[in-house]
There are 4 protein chains.
Amino acid sequence: MSAAPTAVVGETVAVTEEAERRRPGRPREARADEAIVAAVLDLLNEVGFSGLTIDAVAHRAGVGKATIYRRWEGKEQLVLDALTAGRFEFVEPDTGTLRGDLLAYYLPLTESDAQQGAVGLMPALAAEAAINADLAERLRAFVSDRRGPVAAILERARERGELGDDVDLDLTIDLLTGPIMYRLYFSGGPVDPGMIRQLVDHVLRAVGARAT
Amino acid sequence: MSAAPTAVVGETVAVTEEAERRRPGRPREARADEAIVAAVLDLLNEVGFSGLTIDAVAHRAGVGKATIYRRWEGKEQLVLDALTAGRFEFVEPDTGTLRGDLLAYYLPLTESDAQQGAVGLMPALAAEAAINADLAERLRAFVSDRRGPVAAILERARERGELGDDVDLDLTIDLLTGPIMYRLYFSGGPVDPGMIRQLVDHVLRAVGARAT
Amino acid sequence: MSAAPTAVVGETVAVTEEAERRRPGRPREARADEAIVAAVLDLLNEVGFSGLTIDAVAHRAGVGKATIYRRWEGKEQLVLDALTAGRFEFVEPDTGTLRGDLLAYYLPLTESDAQQGAVGLMPALAAEAAINADLAERLRAFVSDRRGPVAAILERARERGELGDDVDLDLTIDLLTGPIMYRLYFSGGPVDPGMIRQLVDHVLRAVGARAT
Amino acid sequence: MSAAPTAVVGETVAVTEEAERRRPGRPREARADEAIVAAVLDLLNEVGFSGLTIDAVAHRAGVGKATIYRRWEGKEQLVLDALTAGRFEFVEPDTGTLRGDLLAYYLPLTESDAQQGAVGLMPALAAEAAINADLAERLRAFVSDRRGPVAAILERARERGELGDDVDLDLTIDLLTGPIMYRLYFSGGPVDPGMIRQLVDHVLRAVGARAT
DNA sequence: AGGTAATCGAGACGGTACGTCTTGTCTTAAT
DNA sequence: ATTAAGACAAGACGTACCGTCTCGATTACCT
């Protein structure tokens, strides 16, 4: 997924091979994007998603409101792009065993810091995605992005022979990620190291993983 | 969880044994509750959660805004109660086998009608719950309510000997429900009969279920 | 002309004889009118007509913007009403002679204070009146209001026999007022005691006034 | 008054005799002036003065906004110049008598076409002039321009002996023009042939004109 | 029967964010 | 240096909702 701002109406993606003919007029200020995204991330920490206003973002970024609306369609798109742009790099653990990798990947989620921001954010984005097809697609892409590391872990395991060729990797990811999100966002159930370990062990048994 | 309106501040739940001493003054109009809840459900279908306004509900229900605020604390509580009040009864299937029961319970979720309303609603409620402790608790209760039938299914299976005593029922429910919600709300992955069947089979293997 | 706020849509003037049935709902706050009008007059002095914003009026009056828009249609109507409501009482001089009365009435206009506010205001209102029939009528009424004292002066003169019955009073007023406004607003010509005296003498001669 | 665009700051009017040293760089497009002025006159008819925006003028004229701002200081100056540039030539009637000349000059004003544009325009300019000294001067010049024909009429009358040497020509013009403008812009009183005739006769008597 | 008191529908209230608009300046590449 | 195009910061616009408050009228219980 690209970190580039949402293309707005008429911004034809005519970036065809050849020339990519410069559009006439003053080009968009590249630094404005950065300033806006930085302001969004700042404000998300300070007032949360629902307390974030476009006026505040504009002021904090030293930017006119129109500059924001020229680049994004609304708060949700903006936040999603800010998150995408500012994403911390995911570690792709490599401990040598499938179980070790999965634990290394999921255990950090039990720290409250990690849960903090996401809990308020993801549901808000999902809610908006329900009535905004474009955002829905962007949200899917964002989520899909985060599936990458787990997919890599599983593929390495398959190469090592820990997983059979018949195992549905997508479903396996959902078996791991689904219960965690469900607890975080909806049921409020605990997401602690014990739960993660139990979860991983269940899933390993479900997919018939065999230690090498 | 009670379908009764949220008790508002100071409205002590002093409905203690004795007499339930009638409060002085004109009693609350019972029909207003129904009219309001009906209006909410109507409007949710028409404009969705985020498009729903208290003004519109009041007007549609032929009721003053104050009457709504006297009974509920805000949009989310109101919607949650409306959903609770208007909930269709869940069937608790009893096919004789754990696998049969689970499929009978989850397969209906693959019909688009069932997914329709929830997709926009649950994330919106979860988003609000993130900044409203009271609503969070109500949401948990609402969600927990829906876990009931599955819990009953699992307990019957345990009594039949299909499930060992050591199986964590809560985690089992999350293993089933989590991936479905995750796909519906976040990843946009398919939730169809094939996926449900695969999911149930995986979970049965994970918890070491044995057919009787 | 009434100092009452402009009637807005649907505010049927059904103040028929009988009962003047109270409209349902919370009545409009009478003090808000006063506070808003006072704020407008304050701000007109401080920033002038074109510098006046509805936000500033609302803030100064301690009132929401909607409260202003509920009562007036826009800046011009509001200012016109504020002027009307806050009008200082015109003296109706009575010196015993037509010439004395006219000088007593018009000479104060040469003081710069008197010219201050009007110069920016009247043309702005006239400009808006050109594209707003409702405002045009209100402006005419406002202007007509100010013709009153001169009309009274002329009528007294006629009773005394200083003016013939055939004199067109309206045109006479215009002969006096027109040149003054023309200089103030358009030509920038001087409006000083000498000019006023010359003007009055010319007009007296034009209408064939004879001292008694 | 010149129809040339307002000289902008620093753009010294050094177009002295001698050489008019060509300035470096691309010369200003002469046709732009015409296109802009034409666009302004078009738009004034379509949306009126207050509805006219610089963006619209630029787009209609096929010109960049900067090109307008390089030549004029703002909306009012631009409009004033557009009017000046497009002014129809005033006839300077010469009927042989003062009364005949004045009627010939003023009677055309009673046609609604003549009143159309000016009614919305002049007050708007006057309003702006109240807070813009430069525009005020330009407005005075514009108005003064229109006084020219009347001044010429009066001077010819004086040469013929119809007017005494002691008559204040400026005040006489104001006595004629003032009441007309006052009615057009503020009081909304009638400006028809009867009114004009009455006005002229009154003024002639006021200044003691004698037929030759 | 009269008094007391909380309710009712209606809608105005102060606040605040929205997304649009206009202004006058600035920045491109091209002329 | 000027051009057309259009992005820029600033900030007012008028609308929409929020949750509260204020009306007169209503509806019950309690003297």
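The sequence lines fix the lettering, A, B, ..., with proteins before strands; numbering per chain opens at 1.
The distance between atom CZ of C/R26 and atom C1' of E/dG11, rounded to the nearest whole Å, is 9 Å. Whole-Å rounding puts the D/R71 CZ to E/dT25 C1' distance at 17 Å. Rounded to whole Å, the distance from CG on A/L78 to P on E/dC18 is 11 Å. One atom, CD of A/E76, and another, C1' of E/dG19, lie 13 Å apart when rounded to the nearest Å. Distance A/E73 CD to E/dC18 C1': 15 Å, rounded to the nearest Å. Remark: P of F/dA16 and CG of B/L52 are 17 Å apart, rounded to the nearest angstrom. The interatomic distance linking D/I54 (CD1) with F/dG6 (P) rounds to 18 Å, in whole Å. When rounded to the nearest whole Å, the span between CD of A/E29 and C1' of F/dC8 equals 7 Å.
For D/E137, the CD atom sits in a loose shell: 12 or fewer heavy atoms of surrounding residues, nucleotides or ligands are nearer than 6.0 Å.
Electrostatic pairing of D/R138 and D/D81 counts as a salt bridge here, judged by a charged N lying under 4.0 Å from a carboxylate O.
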- Query: Can you list the steps and then say if A/N45 with A/L41 is a side chain to side chain contact (heavy atoms under 4.5 Å, CB included)?
  - Reply: CA-CA 6 Å; A/N45 276 336; A/L41 295 176; 5.9 Å; no
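When the nearest nucleotides of DNA chain E are assigned to D/D55 and A/G51 by heavy-atom distance, the more 5′-ward of the two goes with A/G51. Heavy-atom nearest nucleotides on DNA chain F were determined for A/A32 and for C/G74, and the one closer to the 5' end corresponds to A/A32.
Scored by the salt bridge (Lys or Arg N to Asp or Glu O under 4.0 Å) test, A/R31 finds no partners at all (sequence neighbours excluded).
Distances from the side chain of B/K75 to the nucleotides E/dA12, E/dT28, F/dC18 place F/dC18 closest. Of the candidates E/dC26, E/dC13, F/dA5, E/dC13 carries the atom nearest the C/R70 side chain, counting heavy atoms from C-beta on. Of the candidate nucleotides E/dC18, F/dC18, F/dT26, F/dC18 has the atom nearest to the side chain of B/T53.
For residues 49-59 of chain C, the set of pairs meeting the side chain to side chain donor-acceptor pair (under 3.5 Å) definition, not counting sequence neighbours, is empty.
In terms of modelled atom types and a separation under 3.5 Å, the side chain of C/K75 and the main chain of C/L52 share a donor-acceptor contact.
Of the residues in residues 56-67 of chain C, those with a non-hydrogen atom less than 4.0 angstrom from any atom of DNA chain E are C/G62, C/V63, C/G64, C/T67.
One finds the CZ atom of A/R28 at 9.0 Å from the OG1 atom of A/T67 (value rounded to the nearest 0.5 Å).
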